[in-house]
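What follows is a set of notes on a single structure, which appears directly below.
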Amino acid sequence: MTLLSGSAYWSRSLVAAVDQAAARLLSTWPGAHPAGPEDVRRKADGTLVSAADTDAEQILVKAITHLDPTGVIVTEEDPSTHHVRANHRALTWYIDPLDGTRQYLDGSDDFAVLVSAWRGQVPEFSIVSFPAAGVLAVADRDQATFMPIARPDDHRPVHACYFEPAGLRERLPDGNPLLVDAFESTRALTEVARGTAAGAVAEMCGHRAWDISALCHLITATGRHITDEHGRPVRLDGPDVTARYLVAADTRDLHTLLLTTLEPMP
């Protein structure tokens, strides 16, 4: 696999770490192993976590700490990092070792490993991996690489995740069908970045920086558009995100149309 220059060493090392974390997840993924993951428990916020999550997280944290000893790490499964604020001098690394735990536990392939490095409000390096679906995306500043290379068709959908905007289905251009909850938001936004979807609108539903940072980077690195419901860039100052919706599209006209379906917003 040939990845982007400029951060070639990071690319090789971090993609290898993500592949290792992905292999750990696949080793107990119910889609291939009926016995399923071990040590599944409920966290304080009510969401589920398994030993595979925490093992994958340890793999990623170890790799990032080795590559960037001065970096600030914010990771979903370590609550001690959830009060960290973004550092404008050092890189802030957002890690979600298993995005889509419910889908993973159900045996669906709609789960991902997410890693993203930001300096202040500027993304520098991100990886999105869907281990069971065989999709890998790497963003290096303003460039992105996808494996496998996508081949968009003439009827690229617009995805709505976790809700259906009123009137959107009737307002979409011919050739852009609306798909509601066909994927989780992570996969839907990745499809926008890959060019196999024309756009997406996703309700945040409690998502935090580790859920969206890599996706925002992928979309902007490909020259597409992603904002909050007010048309403003998504700000990452730490784990918490103020956006209520994410709106992504491959053209400004479609992005504007999607924004108008969310009006009026408080």
Side-chain angles (χ1 to χ4, degrees), residues 1-4 15 18 22 26 29 31-32 99-100 103-104 106-114 116 123 126-140 142-203 207 211-212 214-227 231 234 245-262:
M1 180 187 306
T2 301
L3 294 171
L4 303 171
V15 168
V18 168
L26 290 174
W29 174 50
D99 181 87
Q103 289 70 35
Y104 172 81
D106 287 345
S108 166
D109 67 1
D110 195 1
F111 66 92
V113 179
L114 308 176
S116 190
S126 300
I127 302 174
V128 175
S129 172
F130 291 88
V135 174
L136 176 70
V138 179
D140 185 351
D142 61 352
Q143 299 181 70
T145 298
F146 299 90
M147 297 293 289
I149 297 172
R151 291 176 172 78
D153 61 27
D154 294 331
H155 300 284
R156 294 179 304 133
V158 170
H159 290 280
C161 301
Y162 320 128
F163 79 119
E164 181 172 347
L168 177 58
R169 192 178 299 273
E170 295 75 26
R171 297 178 63 187
L172 285 175
D174 293 340
N176 295 134
L178 180 66
L179 299 183
V180 179
D181 292 335
F183 294 127
E184 293 295 304
S185 60
T186 299
R187 183 65 178 271
L189 292 166
T190 300
E191 295 306 309
V192 175
R194 296 179 74 209
T196 55
V201 182
E203 190 171 7
H207 285 21
D211 296 298
I212 68 169
L215 307 171
C216 290
H217 188 188
L218 276 183
I219 289 171
T220 57
T222 57
R224 295 174 172 89
H225 312 279
I226 185 166
T227 68
V234 179
Y245 295 92
L246 294 181
V247 182
D250 61 356
T251 67
R252 291 194 180 278
D253 286 346
L254 179 58
H255 186 265
T256 299
L257 186 154
L258 296 178
L259 281 174
T260 62
T261 67
L262 301 177

Nearest 0.5 Å, what's the [atom1]-[atom2] distance between [X] and [Y]?
X: T190; Y: I219; atom1: OG1; atom2: CD1; result: 7.5 Å
X: D99; Y: D110; atom1: CG; atom2: CG; result: 8.5 Å
X: R171; Y: L178; atom1: CZ; atom2: CG; result: 12.5 Å
X: H225; Y: T251; atom1: NE2; atom2: OG1; result: 6.5 Å
X: D250; Y: D253; atom1: CG; atom2: CG; result: 10.5 Å
X: H217; Y: L114; atom1: NE2; atom2: CG; result: 13.5 Å

Handout entry: Contacts of R224 that satisfy salt bridge (Lys or Arg N to Asp or Glu O under 4.0 Å) - sequence neighbours left out
Key =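 Salt bridge (Lys or Arg N to Asp or Glu O under 4.0 Å) check on R224 returns nothing, list empty.
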Sub-4.5 Å side-chain heavy-atom contact between [X] and [Y]:
X: I127; Y: V113; value: no
X: L215; Y: L246; value: no
X: V201; Y: F163; value: yes
X: F146; Y: L136; value: no
X: V128; Y: V135; value: no
X: L168; Y: L258; value: yes
X: L254; Y: V158; value: yes

On a heavy-atom basis, which atom in [X] and which in [Y] lie closest, and how many Å separate them?
X: E203; Y: Y245; value: CA-CD2, 3.6 Å
X: A248; Y: V192; value: CB-CG1, 4.2 Å
X: Y162; Y: D181; value: N-OD1, 2.5 Å
X: A22; Y: S129; value: CB-OG, 4.5 Å
X: F111; Y: P131; value: O-CD, 3.7 Å
X: A202; Y: S185; value: CB-CB, 3.8 Å

Exercise for the section: Check for a donor-acceptor pair, side chain of N176 on one end and backbone N or O of R156 on the other, with a separation under 3.5 Å. Expected result: yes
Practice task
Determine yes or no for a side-chain-to-main-chain donor-acceptor pair under 3.5 angstrom, with D153 supplying the side chain and H155 the backbone.
Solution key: yes
Handout entry: Test ring-ring contact (aromatic ring centres under 6.0 Å, His included) applied to F183 - qualifying residues, sequence neighbours left out
Key =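 Partners of F183 by the ring-ring contact (aromatic ring centres under 6.0 Å, His included) criterion, ordered by chain and then number, come out as H159.
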Practice task
Go through R194 and E191 one step at a time and tell me if the salt bridge (Lys or Arg N to Asp or Glu O under 4.0 Å) criterion holds.
Solution key: CA-CA 5 Å; R194 296 179 74 209; E191 295 306 309; 3.4 Å; yes
Practice task
Step by step, work out the salt bridge (Lys or Arg N to Asp or Glu O under 4.0 Å) result for R169 and E164.
Solution key: CA-CA 9 Å; R169 192 178 299 273; E164 181 172 347; 3.2 Å; yes
Exercise for the section: Go through L172 and L257 one step at a time and tell me if the side-chain contact (heavy atoms from CB on, under 4.5 Å) criterion holds. Expected result: CA-CA 8 Å; L172 285 175; L257 186 154; 4.3 Å; yes
